[in-house]
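First the structure, in the form of structure tokens, and then the observations on it.
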Amino acid sequence: MSARLRVGIIGCGGIAGNHIRGYLDSGRYEIVGLADLEESAMVEKDTTFKISPQHYADAREMLAQEQPDVVSICTWHSGHATWTIAAAVHRPKAILCEKPMADTIGRAEQMLLACQRNGVKLGIAHQRRFLPAFTLARDLIALGAIGRVQTIQSFAADGLPNYSSHQTDMYRYLLGDDECDWVMGNIERKTDRYERSTRIEDRAVGVFHFTCGAVALLLSDVTPTVYQGALIYGTEGMINLTTHNLQLLNRDTGGIWKLYEPDGKFHKLADLGEAFEWYEAGAAQAAKLADWVEGKTEHFRGEATNGLKALQMVHAVYESARMHEQVRLPMQTRSNPLDLMVESGHLTPQRPGPYDIRAFLLRGERMASDTEGAE
Ligand SMILES: NC(=O)c1ccc[n+]([C@@H]2O[C@H](COP(=O)([O-])OP(=O)(O)OC[C@H]3O[C@@H](n4cnc5c(N)ncnc54)[C@H](O)[C@@H]3O)[C@@H](O)[C@H]2O)c1
């Protein structure tokens with residue numbers, strides 16, 4: 001059994017708990033350093049997980065002092081590139097950064113470059129790739145259980161970068177990481193809406209075409225139905241996928257829905273209910289990351305090249321709205337097209353006054369407009 005990998009966490013709020021739980025459940029890591037602007041966030045993690053890592057108010061100091069093997073980046077989106085690049089300089093074995101990979105394609109590319117330059121493995125935490133139901137759906141599709149996939153339909157909310165980078169990543173995962181070759185879409189933005197300090201739209205629709213011929217349809221903030229999962233229509237059957245289960249309908253099921261509720265390697269669905277998706281995906285992601293770090297596997301399902309593609313698909317919807325065209329991938333525009341539209345006056349909010357739909361996450365006297373908090 002190899003020595004446990006030493007982990008440092010930057011940003012100790014909500015999702016950091018899922019990283020810590022995953023690392024601990026996998027049995028392959030120890031948490032050595034926590035960094036956060038708020039001491040209370042770090043204390044909360046110690047109490048919840050009965051751990052006693054060093055606390056740092058300055059993440060750069062944590063990196064220098066602890067020299068972790070693995071660094072988790074769990075700050076808000078606009079901090080992902082800053083902290084990934086800062087961590088890469090210390091040459092950990094791997095960095096696991098939260099989604100969306102960055103706030104612009106240009107910054108995401110810089111993250112890849114900084115990691116390549118320093119020999120660091122970079123993963124993006126689209127953890128649903130590690131859910132047993134998602135993997136079963138991918139495998140059934142690969143085996144031809146529903147024939148050729150024609151359409152994937154999904155329902156999202158809370159802005160494209162936040163919720164829908166999971167969906168765009170899911171489309172590719174379900175299709176065996178097939179490439180998305182073009183995107184068309186549109187958005188509405190009448191209010192000055194933000195999500196974790198990132199500018200978002202009020203509503204969006206997107207169409208994504210893949211080289212295998214499949215098309216994915218994304219409806220975001222336009223329907224009361226919202227969930228991570230999809231309705232997948234093939235030439236010879238259908239799959240209804242959620243984070244907990246899937247239903248298959250094809251000739252072999254006699255034309256009726258057949259339910260599958262696969263357990264995970266670490267947890268059982270019946271034991272955890274709603275928490276299953278978080279606990280299982282966190283632990284399975286951590287275990288596969290350790291295999292990659294230790295050279296047991298050549299590839300990691302959550303490699304940053306996939307994270308970049310998921311972000312490009314999201315930004316391509318904005319670019320399609322900005323340019324009124326079908327956007328070919330990979331995107332050439334490296335700025336955030338939504339920012340370009342708003343800042344150029346092309347899409348000035350008609351109901352002015354910025355507000356952040358995740359402002360409730362902030363501790364103490366901080367507000368979503370704090371530049372410090374945005375990192
Ligand atoms: N993979 C998922 O399913 C999933 C789910 C939730 C959130 N997320 C992602 O995780 C990220 C964080 O979201 P959250 O809900 O945990 O937010 P959060 O506000 O709960 O936590 C962020 C933490 O970062 C800290 N922080 C801010 N600036 C810092 C700095 N300069 N140095 C150190 N710490 C700093 C804050 O004090 C806070 O404790 C977001 O990018 C979000 O998209 C992913």
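Indexing begins at 1, ligand by ligand and atom by atom, following the structure's order.
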Does any N or O atom in Arg363 lie less than 3.5 angstrom from one in ligand 1, N or O only?
no

Going by side chain to side chain contact (heavy atoms under 4.5 Å, CB included), name the residues that satisfy it together with Ala108, two or more places apart in sequence or in a different chain.
Met101, Ala102, Leu308, Leu311

Looking at ligand 1, does any of its N/O atoms fall within less than 3.5 Å of an N/O of Ile15?
yes

N/O to N/O below 3.5 Å, does that happen between Arg128 and ligand 1?
no

Could you tabulate the donor-acceptor pairs under 3.5 Å formed by side-chain atoms of residues 132-139, not counting sequence neighbours?
{"unit_1": "Thr135", "atom_1": "OG1", "unit_2": "Arg129", "atom_2": "O", "d": "3.4"}
{"unit_1": "Thr135", "atom_1": "OG1", "unit_2": "Leu131", "atom_2": "O", "d": "3.3"}
{"unit_1": "Thr135", "atom_1": "OG1", "unit_2": "Tyr173", "atom_2": "OH", "d": "2.7"}

Sub-4.0 Å heavy-atom approach of Arg358 to ligand 1:
no

Per-atom contacts, ligand 1 versus His166 - under 4.0 Å to a heavy atom:
1 (N), 2 (C), 3 (O)

Any Gly79 heavy atom less than 4.0 Å from ligand 1
no

Counting from 1, what ligand 1 atoms have a heavy atom of Gly11 closer than 4.0 Å?
23 (C), 24 (O), 25 (C), 34 (N)

Quickly, which of Lys93, Arg28, Lys121 forms a salt bridge (charged side-chain N to carboxylate O under 4.0 Å, His left out) with Glu294? Name it, please.
Arg28

Heavy atom under 4.0 Å from ligand 1: found in Glu98's side chain, backbone, both, or neither?
side chain

Ring geometry between His166 and His126 (parallel below 30°, tilted from 30 to 60°, perpendicular above 60°)
perpendicular

Answer yes or no: does an N/O atom from Ile10 fall short of 3.5 Å to an N/O atom of ligand 1?
no

Can a salt bridge be assigned to the pair Arg251 and Glu236 using a cut-off of 4.0 Å between side-chain N and carboxylate O?
no

Plane angle bin for Tyr23 and His19 - parallel if under 30°, tilted between 30 and 60°, otherwise perpendicular
perpendicular

Of the side chain and backbone of Gln228, name the one, both, or neither that has a heavy atom under 4.0 Å from an atom of ligand 1.
neither

Side-chain ion pair, Arg199 and Asp356, N-O less than 4.0 Å:
no

Does ligand 1 have any atom sitting under 4.0 Å from a heavy atom of His126?
no

Minimum non-hydrogen distance to atom 32 (N) of ligand 1, winning option of Leu37, Ile73, Thr198
Leu37

Ranking Ala86, Cys12, Ala59, Gly13 by closest non-hydrogen atom to atom 21 (O) of ligand 1, top hit is Gly13

Near His80, which atoms of ligand 1 are under 4.0 Å from a heavy atom of that residue?
41 (O)

Would Asp202 and Arg189 pass as an ion pair if we require N to O under 4.0 Å?
no

For Ala125, counting its heavy atoms only, list the atoms of ligand 1 lying under 4.0 Å from any of them.
1 (N)

May I ask you to decide whether Lys309 forms a salt bridge with Glu179, counting only side-chain N to carboxylate O separations under 4.0 Å?
yes

Quick check: does Trp278 get an N/O under 3.5 Å from an N/O on ligand 1?
no

Look at the aromatic rings of Phe208 and Tyr171 and report parallel, tilted or perpendicular, splitting at 30° and 60°.
tilted

For ligand 1, which atoms have a heavy atom of Leu361 less than 4.0 angstrom away?
15 (O), 17 (O), 19 (O)

Backbone or side chain, does any N or O of Arg196 fall under 3.5 Å from an N or O of ligand 1?
yes

Any salt bridge between Arg21 and Glu280, counting N to O under 4.0 Å?
no

